[in-house]
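The structure appears below as structure tokens.
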There are 2 protein chains.
Amino acid sequence: METAPPHDICPITRTLDLIGERWSLLIIRDVFYGVRRFDALQHHLGVSKKVLSGRLVRLVQEGILKKVPYQQKPERFEYRLTQKGRDLFPVLLTMMRWGNRWLAEKNEPHLHLKHLGCGEVVESNLVCSHCEKPLSPASVRAEISNSSG
Amino acid sequence: METAPPHDICPITRTLDLIGERWSLLIIRDVFYGVRRFDALQHHLGVSKKVLSGRLVRLVQEGILKKVPYQQKPERFEYRLTQKGRDLFPVLLTMMRWGNRWLAEKNEPHLHLKHLGCGEVVESNLVCSHCEKPLSPASVRAEISNSSG
DNA sequence: TCAACAGGTCCCTTTAAGAAACTAATTTGT
DNA sequence: ACAAATTAGTTTCTTAAAGGGACCTGTTGA
């Protein structure tokens, strides 16, 4: 990558505008883990209620989470991932791998993912969906298209 | 994923503590793009000098960027990625894909990556490094190990 | 000598975050 | 019947961080 395309049309900019602060991605991670209710999220994350409720409203508005009722009288909701939200799984997985590789302390407990298919600890690799070869910074070039074709 | 491991040992938490705010990842992205100097970064990103210099110091301290001299008299440096920094490429790539899939406006210019190997537009896929099968939320389980084995 | 450039720092105002108390509807315990 | 507990927030207040813009330093070149 050796070109610098305009900052404002970069999809990374747009993504970070939405979920690029400390809590949104952690909330999404927790919903992946199965933590779906306001109170559980608040305790598990240690985030203030004010910030949590703000983020949840935003994530629902943006279609990343949806509210699903789980009881009537009083009506209560839990938060589930939409397809748009589930699609963030690769982002979390690559962060997890990076954190484990570069930030894990020796002699500390260590969180990893086990692949149920093969039983091994997951070390995800990124491959091109067309040729299935691994992707590296040197093997790609940024381009701008008009998306009208 | 249906267990909720402790928040504080999660590698995603640690990663976001380091680079989980608006600017750090955008700076790293720009360095990938080849924008390496203070002024260029400041203009390309539209970030204040104060925030930029704070982030750069932090990223250098953490070993994600390194300062490389490119002239003497006066001595001037540019910022380059270390291996630790280059290893964030998959995080940026997955964000880019998500942004393109979910946040791109129709009729707007569109930024994507072309794979120099096969000439196609990159749509990255995540595969298990052991069995090379695609990874999905349902196919993995979070586990804690003591990393002493 | 003075402008230009790189790479910042300092000060001030606005914005966001966190902590704790307060609402509100309903159920449970005594 | 009445107090207390759940669940999911909102409101208020205080503190921390971000953003903008002026200012500073060291050097080359007109």
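Side chains included, hydrogens not; waters and symmetry mates left out as well; all remaining heavy atoms used. A quick note: this is a predicted structure, and the numbers were derived from the prediction, not measured. Letters go in sequence order (proteins before strands), and every chain restarts at 1.
- Straight-line distance from the CG atom of Leu52(A) to the C1' atom of dA16(C): 16 Å, rounded to whole Å.
- Atom-to-atom, CZ of Arg22(A) to P of dA17(C) comes out at 12 Å; the value is rounded to the nearest Å.
- Electrostatic pairing of Glu78(A) and Arg80(A) counts as a salt bridge here, judged by a charged N lying under 4.0 Å from a carboxylate O.
- If you take CG of Leu41(B) and C1' of dC5(C), they are 16 Å apart, rounded to a whole angstrom.
- Here Arg37(A) lies in heavy-atom contact (under 4.0 Å) with sugar-phosphate atoms only.
- Here dA24(C) presents its C1' atom at 15 Å from CD of Glu75(A), a figure rounded to the nearest Å.
- Residues Arg29(A) and His7(B) bring a donor and an acceptor atom of their side chains to less than 3.5 Å of each other.
- Nearest-nucleotide mapping onto DNA chain D: of Phe77(A) and Lys50(A), the residue sitting toward the 5' end is Phe77(A).
- Glu132(A) CD: 12 or fewer foreign heavy atoms inside a 6.0 Å radius.
- Side-chain contact of Ser24(A) with Arg58(A): a donor-acceptor pair under 3.5 Å is absent, judged by distance alone.
- For DNA chain D, the span of nucleotides reached by chain B at under 4.0 Å from its heavy atoms goes, 5' to 3', from dA18(D) to dT28(D).
- The nearest whole Å value for the distance from the CD atom in Gln42(B) to the C1' atom in dC5(C) is 13 Å.
- Rounded to whole Å, the distance from NE2 on His43(A) to C1' on dA20(C) is 13 Å.
- Applying the salt bridge (charged side-chain N to carboxylate O under 4.0 Å, His left out) test to pairs two or more places apart or on separate chains, those with a residue in residues 81-97 of chain B are Arg101(A)-Asp87(B), Arg97(B)-Glu123(B).
- Checking the phosphate oxygens (OP1, OP2) of dA17(C), a side-chain nitrogen or oxygen of Arg55(A) falls inside 4.0 Å.
- Stacking of Arg37(A) on the aromatic ring of Tyr70(A) is recorded, both the 6.0 Å distance cut-off and the 45° axial limit being met.
- One interatomic measurement links the two molecules: CD1 of Ile27(A) to P of dA17(C), which rounds to 11 Å at whole-angstrom precision.
- Per the geometry, NZ belonging to Lys49(B) stands 9 Å off P belonging to dA6(C), to the nearest Å.
- In this structure, Asp39(B) and Lys73(A) both approach DNA chain C, and ranking their closest nucleotides by distance from the 5' end singles out Asp39(B).
- Scanning residues 59-72 of chain A for heavy-atom distances under 4.0 Å to DNA chain C yields an empty list.
- In this structure, OG in Ser124(B) is found 5.0 Å from CG in Leu126(A), a value given to the nearest 0.5 Å.
- Between the side chain of Glu21(B) and the main chain of Trp23(B), a donor-acceptor pair closer than 3.5 Å is present.
- The shortest side-chain heavy-atom distance between Ile27(B) and Val47(B) does not fall under the 4.5 Å cut-off.
- At dT9(C), one or more side-chain N or O atoms of Ser53(B) fall inside 4.0 Å of OP1 or OP2 (strictly under the cut-off).
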